[in-house]
Peer 1: 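Can you keep this structure in mind? I'll have questions shortly.
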2 protein chains.
Amino acid sequence: MVGLAGLSFGELATEAQMSKSGLFAHYRSKENLQLAVLEYAQERFYIQVISPALKKKRGVPRIRALVANWVKWEDGAAGGCVFLAASVDFDDRPGVVRDYLWKAQKEWLDFLSKSARLAAEAGDFRREIDTAQFAYELYSIMLGYAHYKRLLGDRKAGQRQKAALERLLAQYSK
Amino acid sequence: MVGLAGLSFGELATEAQMSKSGLFAHYRSKENLQLAVLEYAQERFYIQVISPALKKKRGVPRIRALVANWVKWEDGAAGGCVFLAASVDFDDRPGVVRDYLWKAQKEWLDFLSKSARLAAEAGDFRREIDTAQFAYELYSIMLGYAHYKRLLGDRKAGQRQKAALERLLAQYSK
DNA sequence: GACCGGCACGAACGATCGTGCTATTATTCT
DNA sequence: AGAATAATAGCACGATCGTTCGTGCCGGTC
């Protein structure tokens with residue numbers, strides 16, 4: 001199986017060379033296991049994507065770094081970005097997992113919004129821009145990238161994503 | 001369960017008030033059942049989204065109609081658009097289902113490309129545009145819409161999608 | 001040496017999964 | 001009417017699922 005919902009103790013135990021029950025004892029429920037996976041993924045996302053971008057100058061340079069790291073994250077994730085897959089799996093399955101996902105995605109989008117605001121304050125972007133709209137469009141471009149790359153296996157996915165980003169940045173810049 | 005991969009004969013039989021084996025006899029395998037679902041969905045998609053848009057004038061009016069119908073399709077689909085969910089589920093599960101999905105999505109993207117070309121020929125868009133790039137960006141906007149609407153439950157999703165579309169159209173227009 | 005909490009184990013549970021086989025019932029054709 | 005054909009049901013299979021239970025091992029504390 002694949003994805004967060006398809007994760008099973010049996011399969012995971014085999015891979016970890018442990019007994020199913022021994023592994024289960026650690027997490028006490030499948031929900032807890034799923035949450036642990038998401039927590040770990042979020043930590044990795046911060047380390048790989050956000051943290052290195054914070055070293056860049058505020059504004060467009062930082063946004064470019066975020067996107068570049070984000071692309072690397074998508075490319076590196078075996079089985080696809082866990083947040084994307086889990087979002088589709090859990091979007092109509094209420095529970096703590098969906099709540100966690102919701103919060104994580106919201107924080108990330110707020111971060112993107114803030115990055116756009118900083119870009120406006122730094123003079124890279126126009127001042128009257130809608131920062132949440134920028135976050136939506138940037139996020140959409142990355143959704144498109146993941147889709148093109150994973151399902152379609154399109155070798156031009158990176159090129160398309162780059163072109164879309166340039167178009168987006170140009171339109172929000174002075 | 002949810003999604004095309006989570007579809008089961010047992011659940012479906014209960015819902016259809018049939019025996020599991022009776023239902024199974026119709027499709028002879030789960031793969032065939034999934035294919036049948038996709039074929040049906042594609043037919044519905046044509047009827048609800050593509051066909052009515054073909055009655056509109058070539059160019060931007062037709063593109064606007066396509067998007068409007070597409071939004072309605074996303075909104076109307078209980079459990080989300082089956083193509084989106086299935087894409088995530090099957091993108092690394094080789095087989096006839098993935099092949100079918102791949103072909104369907106490719107056809108749809110080609111159709112969007114062609115619509116952009118027609119818009120250029122009609123004088124709505126600039127002539128030197130990259131029509132496949134337009135398809136990518138339009139598709140991305142809709143992926144963003146589905147994501148915002150379904151996982152985030154964002155009431156502004158429609159508004160964001162509209163704004164992104166206007167921005168996109170403006171940039172490809174003369 | 002007795003006792004303890006934390007870990008990991010094997011076994012088993014009820015449920016559901018996809019998929020076969022074998023009847024039985026409906027429908028259609030001669 | 002009877003024969004042929006299709007549709008549905010019944011039942012069972014091996015597998016896997018999440019979960020529970022009882023048990024043993026191992027390091028530290030009294």
Side-chain angles (χ1 to χ4, degrees), chain A residues 1-43 77-80 82-102 104 151, chain B residues 1-43 77-80 82-102 104 151:
Chain A
M1 262 281 186
V2 83
L4 197 62
L7 197 62
S8 82
F9 281 108
E11 215 168 345
L12 203 60
T14 305
E15 202 153 342
Q17 302 200 84
M18 273 189 64
S19 69
K20 195 171 73 149
S21 55
L23 191 68
F24 182 84
H26 273 295
Y27 297 97
R28 299 180 320 282
S29 83
K30 180 162 183 180
E31 233 175 21
N32 286 336
L33 172 67
Q34 292 166 331
L35 285 177
V37 169
L38 287 181
E39 280 165 20
Y40 178 72
Q42 203 173 16
E43 196 183 317
V82 65
F83 292 108
L84 253 55
S87 293
V88 174
D89 282 348
F90 285 88
D91 60 4
D92 49 6
R93 211 178 312 196
V96 290
V97 177
R98 193 182 68 168
D99 295 346
Y100 189 95
L101 273 172
W102 187 87
L151 174 65
Chain B
M1 261 283 186
V2 83
L4 197 63
L7 196 62
S8 82
F9 282 107
E11 215 169 344
L12 203 59
T14 305
E15 203 152 341
Q17 302 200 86
M18 272 189 62
S19 70
K20 194 170 74 147
S21 55
L23 191 69
F24 180 82
H26 273 296
Y27 297 98
R28 300 180 322 280
S29 81
K30 179 162 184 179
E31 233 175 21
N32 286 338
L33 173 65
Q34 291 167 332
L35 285 177
V37 169
L38 287 181
E39 278 165 21
Y40 178 72
Q42 203 174 17
E43 197 182 317
V82 65
F83 293 107
L84 253 55
S87 293
V88 174
D89 281 349
F90 285 89
D91 60 4
D92 48 6
R93 210 178 313 194
V96 291
V97 177
R98 192 182 68 168
D99 296 345
Y100 189 95
L101 272 172
W102 187 87
L151 173 65

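Only this structure's heavy atoms are used, side chains among them; waters, hydrogens and symmetry mates stay out. Chain letters run A, B, ... following the sequence lines, proteins first and then strands; every chain starts at 1. Just so it is clear, the structure is predicted and the values come from calculations on it, not from any experiment.
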Peer 1: Identify which nucleotide among dC21(D), dC17(D), dC17(C) has an atom closest to any side-chain atom of Ser8(A), counting heavy atoms from C-beta outward.
Peer 2: dC17(D)

Peer 1: Which nucleotide in the set dC9(C), dA9(D), dT19(D) lies at the smallest distance from any side-chain heavy atom of Met18(B)?
Peer 2: dA9(D)

Peer 1: Closest-nucleotide mapping onto DNA chain D: is Gly10(A) or Arg28(A) further toward the 5' terminus? I mean the 5' end.
Peer 2: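 Looking at the nearest nucleotide for each, Gly10(A) comes out on the 5' side.
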
Peer 1: Report yes if a donor N or O on one partner sits less than 3.5 Å from an acceptor N or O on the other, where the partners are the side chain of Ser19(A) and the base of dG10(C); otherwise report no.
Peer 2: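 Result: no qualifying N/O pair found.
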
Peer 1: Just the rounded figure in Å: distance from P of dT8(D) to CD of Gln17(B).
Peer 2: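 Spelled out: CD on Gln17(B) to P on dT8(D) is 14 Å.
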
Peer 1: Show the numbers, then the answer: is there a side chain to side chain contact (heavy atoms under 4.5 Å, CB included) between Leu12(B) and Lys20(B)?
Peer 2: CA-CA 8 Å; Leu12(B) 203 59; Lys20(B) 194 170 74 147; over 6 Å; no

Peer 1: Is a donor-acceptor contact shorter than 3.5 angstrom present between the side chain of Lys20(A) and the base of dG18(D)?
Peer 2: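 Such a pair is found, so the answer is yes.
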
Peer 1: Under 4.0 angstrom, heavy atoms only, what part of the nucleic acid is Leu33(B) near: base, sugar-phosphate, or nothing?
Peer 2: nothing

Peer 1: Return the value, rounded to whole Å, for the distance between atom OH of Tyr27(B) and atom C1' of dT8(D).
Peer 2: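 Checked: the OH to C1' distance equals 14 Å.
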
Peer 1: Atom CG of Leu7(B) and atom P of dT16(C): how far apart are they, to the nearest Å?
Peer 2: 16 Å

Peer 1: If you apply the rule side chain to side chain contact (heavy atoms under 4.5 Å, CB included), what do you find for Gln34(B) with Tyr27(B), and how did you get there?
Peer 2: CA-CA 9 Å; Gln34(B) 291 167 332; Tyr27(B) 297 98; over 6 Å; no

Peer 1: Report the distance from atom CG of Leu84(B) to atom CG of Asp91(A), rounding to the nearest 0.5 Å.
Peer 2: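 Between atom CG of Leu84(B) and atom CG of Asp91(A) there are 9.5 Å.
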
Peer 1: Counting side-chain heavy atoms from C-beta on, which of dG10(D), dA7(D), dA11(C) comes nearest to His26(B)?
Peer 2: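 Of the candidates, dA7(D) comes closest.
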
Peer 1: Rounded to whole Å, how long is the line connecting atom CD of Glu11(A) with atom C1' of dG18(D)?
Peer 2: 14 Å

Peer 1: Short question: side chain of Lys30(A), backbone of Ala5(A) - any donor-acceptor pair under 3.5 Å?
Peer 2: yes

Peer 1: Could you walk me through whether Tyr100(B) and Glu39(B) pass the side chain to side chain contact (heavy atoms under 4.5 Å, CB included) test, one step at a time?
Peer 2: CA-CA 9 Å; Tyr100(B) 189 95; Glu39(B) 278 165 21; 3.2 Å; yes

Peer 1: Regarding Phe24(A), tell me which of base, sugar-phosphate or nothing describes its non-hydrogen contacts under 4.0 Å with the strands shown.
Peer 2: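 Since a base atom lies under 4.0 Å of Phe24(A), the category is base.
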
Peer 1: The side chain of Phe9(B) is closest to which nucleotide in this list: dC11(D), dT19(C), dA12(C)?
Peer 2: dT19(C)

Peer 1: Would you mind telling me which of dG18(D), dA9(D), dT20(D) lies closest to the side-chain atoms of Lys30(A)?
Peer 2: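 Closest nucleotide among those given: dG18(D).
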
